[in-house]
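See structure below.
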Amino acid sequence: VITPLLAKDADKGASTPSLTYTLSISNPTSSPVSSFTIDDVMATDFDYVAGSTGGNCGASEPTGTTTLQWTGITLAAGGSCSLTYQAVVN
């Protein structure tokens, strides 16, 4: 089983009440990984902003509310991508 590496960062936009989260995903192995799932647990006082998923991982909208789940992500051997989304205080 190959497990991609994941790092998370948050940026508060100066002109918006939302936070933009960036999940940086990398595959440090010499084998591709395909159709894997990324789960991200939201802080209890934040809500996901519908339609805000972006980045270059090819991810569509996540399922879930307190734990966001993106499926079907593929990474080439040694590859990486970034997945972004926004959240607001509830």
Would you say the side-chain atoms of Ser26 pair up with the backbone N or O of Pro28, donor to acceptor, closer than 3.5 Å? no
Could you work out, with side-chain contact (heavy atoms from CB on, under 4.5 Å) as the rule, every residue matching Ala43, not counting sequence neighbours? Asp45, Phe46
Measure across Thr74 and Ser35 and return the closest heavy-atom pair with its distance rounded to 0.1 Å. OG1-N, 3.4 Å
When rounded to the nearest 0.5 angstrom, what is the spacing between OH in Tyr85 and CG in Leu83? 8.5 Å
Measure across Thr53 and Ser60 and return the closest heavy-atom pair with its distance rounded to 0.1 Å. CG2-O, 3.8 Å
Output the distance between atom OG1 (Thr37) and atom CH2 (Trp70), rounded to the nearest 0.5 Å. 11.5 Å
When you compare the side chain of Asp9 with that of Ser24, does any pair of heavy atoms fall below 4.5 Å? no
Has Asp39 got a side-chain atom pairing as donor or acceptor with Gln69's backbone, closer than 3.5 angstrom? no
If hydrophobic clusters are built by linking Ile, Leu, Val, Met, Phe, Trp and Tyr wherever their side-chain heavy atoms come under 4.5 Å apart, do Ile73 and Val41 end up in the same one? no
Search all heavy atoms of Ser31 against all heavy atoms of Thr29 and return the closest pair with its distance. O-OG1, 2.9 Å
Atom SG in Cys57, atom CZ in Phe36: separation rounded to 0.5 Å? 7.0 Å
With rounding to the nearest 0.5 Å, note down the distance linking CG in Asp47 to CG in Asn90. 4.0 Å
Contact summary for Met42 and Ala87, nearest pair of heavy atoms: CE-CB, 3.6 Å
For the side chain of Tyr48 and the backbone of Thr63, is there at least one donor-acceptor N/O pair under 3.5 Å apart? no
Min side-chain heavy-atom separation Asp11-Thr22 under 4.5 Å: no
Starting at CG of Leu6, measure out to CD1 of Ile38 and round the result to the nearest 0.5 Å. 5.5 Å
Over all atoms of both residues, closest heavy-atom pair of Val88 and Ser18: CG1-CB, 3.6 Å
As an exercise, state the distance from CG of Asn27 to OG of Ser80, rounded to the nearest 0.5 Å. 9.5 Å
